[in-house]
*Asks:* 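Next up is a structure, given as structure tokens.
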Number of protein chains: 2
Amino acid sequence: MQMMEERSKKVLCAVVQSYINFPDPVGSMLVTKRYSFGLSPATIRNIMADLEDMGFLAQPHTSAGRVPTDRGYRFYVDLLVAEKDYYTNMEILQEIYKRLEALRNNIDVFLGETTRTLSKLSHYLGVAMSPRLDMTTLKRIELLKYRADKIAAILFTDEGLIKNKVVSLDSEISQKDLNRITGYLNSEFSGHTFDEIRFKVIKEMSKEKIRCDTLISRAMKICREALSFSHNDLFVSGLSEVFDLPDFADLKKIRELSRAIEDKHTIIELLDSLSEFDGLQIIIGSENSMDEMKKLSVVVSTCKEGYRPIGVVGIIGPTRMNYEKAIYIVDNTAKFITKMLSGR
Amino acid sequence: MQMMEERSKKVLCAVVQSYINFPDPVGSMLVTKRYSFGLSPATIRNIMADLEDMGFLAQPHTSAGRVPTDRGYRFYVDLLVAEKDYYTNMEILQEIYKRLEALRNNIDVFLGETTRTLSKLSHYLGVAMSPRLDMTTLKRIELLKYRADKIAAILFTDEGLIKNKVVSLDSEISQKDLNRITGYLNSEFSGHTFDEIRFKVIKEMSKEKIRCDTLISRAMKICREALSFSHNDLFVSGLSEVFDLPDFADLKKIRELSRAIEDKHTIIELLDSLSEFDGLQIIIGSENSMDEMKKLSVVVSTCKEGYRPIGVVGIIGPTRMNYEKAIYIVDNTAKFITKMLSGR
DNA sequence: ATTAGCACTTAACCATTGAGAGTGCTAAAC
DNA sequence: GTTTAGCACTCTCAATGGTTAAGTGCTAAT
């Protein structure tokens, strides 16, 4: 790979670019027409044959042109990222700004709109995920009496997430007790991650069995219920965008994608595994560890507030993706969010 | 219509049923085979020709069997509802129960799961919508200090909805002032609909300009922000179910549906217009006033807590829908939710 | 090393064809 | 007079086959 001739690189990139822009296998003639190498189709043909041998290109069938393999895309993308001075588009930046600026106060609406923006701009699937609740840090908990036997627990996290959850009680509780419980829970758990708190609660509860302090035991029960969130929040938009792509002309493929979106499971797992790393990440087709994703490419980046990860945003699309644009959009969206959050 | 012969009715129903179960146009021969009238294909043929003249059946093309028109479905459904003693299926009831029972405390999760249940059971699109916020009644508002210049407003409605919203302040506020504002807002607005409150706030604010009482004016500002919710909450699930239906074999149709789901706009409007009426409602194809819906059928029902509507749930599918099952599922889901809510 | 020329391969397109399904009409049967 | 058998007719659908166009790989000439 490192010993590939400069000329071959150029041809490979030409093929990839052509294929990204026009979804037809690209032939030697086309390359000479669209990109001006000073070479004849026959020469290009030889080069392309070499690139195929090296595993960067493939033929759908004997008499068709070539299409990039995942390795081909990878090479192209690495080059793209190395050059770094690709593509700028003020309109896109402004669009991101315009759509997200006003929404900073509500993380759910915000992430939802983020995915819509991502998909609108990229014409692929936009995804966003808030960080795993287990890992977030409780800032404060407030308990509000709601109905006779129900209270609303409002959880504030360091990340700026606000969650509310209704907790049912086995018996009525006085406002005074509720205040004491609130105070107790805050003094005990504020500053700890949900995971830690859960662990502490379990420990405490087994102790309580012996000591039988009803108030603390009640506090623990409430706390356990209040923290029982099942999953991360995943937002996905833009399935309808994907319909227009020739890559998904096949009904089956869209169905699969649609299933994945409704399941959420696969995508959550994917983003979860990516959220551990910092900054931009690009996964191309078969590089994905999950089977359902092996025909798709993923471009994501993490958003941070200070050094704390606040979520991950990205684009999912076909391997024949406009990586340049996708990278630009995702990168800037993530940076914009990070900046927006740190500014406040 | 009312003077239609008994025999013709039977044939019409047979055609509808056959077509619902097997997505092929049904011919006279098929009718005699699958349903035992004591008649020959030729006679059935004549009857079916009559039914076509009357507008209940139609031929896709000359040499095909017949398919029901929307009027045909309507006739069938009306009969179905009139008889009322259709279809019962304990498994379905148990499934509904099992999936929804535990979730009553969180309206959002609950409605989301409701749509998933509806779509899973029906294999069509499941939809659910919480009532328009404008029309809901504020029970209580709580303001919690969140960051220096931000507070979280927690809104409790009579319907059991809990909404939180972050409100930015122009300058810091003391806890004491916040408490006073909270008390003021509750005494002033509790028991009023959001719509009324908004109106009052606007009135008050113009007055304030003159009196210049900063605390009340602050309270109003906060209240206005806290109540600025854009839309109803719409939940839709099961697009992937719809892929397997031959009615949507065409990519274009699914794309349209997928757009409608992402827009939400059309569906919200639809459900909104239906939420005014009580109980089960069935809209078949062209009976829909909206163009986007003219190829779809809708089966919905409203859920109530006491006499107060709490939302609307339903199924959207092709006109060739298994109405019997759909009605059963929607009706029982709505009733179950109503019962669940009134039990508490 | 590059290129022109050419035979070869394959998918895509198009027109034709025949089978199959279902109808409407007519005339016979009940 | 209602029902039915018989039959010609219409239309879709799937299969067939031939043609076209695109693009390749190889060879020989530049």
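This structure is a prediction, so every number in the text was calculated from the model and none was measured. Just so we're on the same page: letters track the sequence lines, and every chain starts at 1.
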*Asks:* Determine, for nucleotides 16-30 of chain C in 5'-to-3' order, which nucleotides have protein heavy atoms under 4.0 Å from the base (write B), from only the sugar-phosphate (write S), or from neither (write -).
*Replies:* -----BSBB------
*Asks:* Rounded to whole angstroms, how far apart are CD1 on I44(A) and P on dA1(C)?
*Replies:* 16 Å
*Asks:* In this structure, are over 12 heavy atoms from other groups packed under 6.0 Å from F277(A) atom CZ?
*Replies:* no
*Asks:* Nearest whole Å is fine: how far is dA4(C) C1' from L39(A) CG?
*Replies:* 15 Å
*Asks:* Would you list the pairs meeting side-chain hydrogen bond (donor to acceptor under 3.5 Å, both in side chains) in which at least one residue belongs to residues 10-20 of chain B, sequence neighbours left out?
*Replies:*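 Passing the test, one end in residues 10-20 of chain B: S18(B)-R34(B).
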*Asks:* Measure the angle between the two terminal helix axes of the helix from dA1(C)-dT30(D) to dC30(C)-dG1(D), five base pairs each, and quote it to 10°.
*Replies:*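 So the angle between the two local helix axes works out to 20°.
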*Asks:* Can you check whether M290(A)'s main-chain N or O pairs, donor with acceptor, with N288(A)'s side chain at less than 3.5 Å?
*Replies:* no
*Asks:* Near DNA chain D, counting only heavy atoms under 4.0 Å, which residues of residues 12-22 of chain A show up?
*Replies:*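 Contacting residues: none.
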*Asks:* Within the distance-only criterion (no hydrogens, no angle test), does the side chain of T69(B) pair as donor or acceptor with the backbone N or O of G55(B) below 3.5 angstrom?
*Replies:* yes
*Asks:* Kindly write out the residues that satisfy side-chain contact (heavy atoms from CB on, under 4.5 Å) with T114(B), not counting sequence neighbours, or none if the list is empty.
*Replies:* L100(B), F110(B), L118(B), V313(B), T333(B), I337(B)
*Asks:* Hey, what's the ring geometry for Y87(A) with Y328(A), parallel, tilted or perpendicular (30° and 60° as the breaks)?
*Replies:*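 Rings of Y87(A) and Y328(A): perpendicular, over 60°.
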*Asks:* Go through the structure and list residues passing side-chain contact (heavy atoms from CB on, under 4.5 Å) with K33(A), not counting sequence neighbours.
*Replies:* M29(A)
*Asks:* Rounding to a whole Å, what distance do you find between D53(A):CG and dT24(D):P?
*Replies:*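 After rounding, the gap between these two atoms is 14 Å.
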*Asks:* Considering residues at least two apart in sequence or located in another chain, which fulfil the side-chain contact (heavy atoms from CB on, under 4.5 Å) criterion with K294(A)?
*Replies:*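 Per chain and number, K294(A) pairs via side-chain contact (heavy atoms from CB on, under 4.5 Å) with D291(A).
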*Asks:* Not counting sequence neighbours, which residues clear salt bridge (Lys or Arg N to Asp or Glu O under 4.0 Å) with D331(A)? List them please.
*Replies:* K335(A)
*Asks:* Mind checking salt bridge (Lys or Arg N to Asp or Glu O under 4.0 Å) for R116(A) and listing every partner two or more places apart, or none if nothing turns up?
*Replies:* E113(A)
*Asks:* N/O contacts under 3.5 Å, protein versus nucleotides 15-17 of chain D?
*Replies:*
none

*Asks:* Look at the side chain of E292(A) and the backbone N and O of A260(A), then say whether any donor-acceptor pair between them is shorter than 3.5 Å.
*Replies:* no
*Asks:* Test of understanding: with side chain to side chain donor-acceptor pair (under 3.5 Å), list the residues that count as partners of T266(B), not counting sequence neighbours.
*Replies:* none
*Asks:* Check the distance between dA1(C)'s P and D50(A)'s CG and give it to me in whole angstrom.
*Replies:* 12 Å
*Asks:* Can you sort out the partners of R259(B) under side-chain contact (heavy atoms from CB on, under 4.5 Å), two or more places apart, ordered by chain and number?
*Replies:*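 S240(A), D244(A), R255(B).
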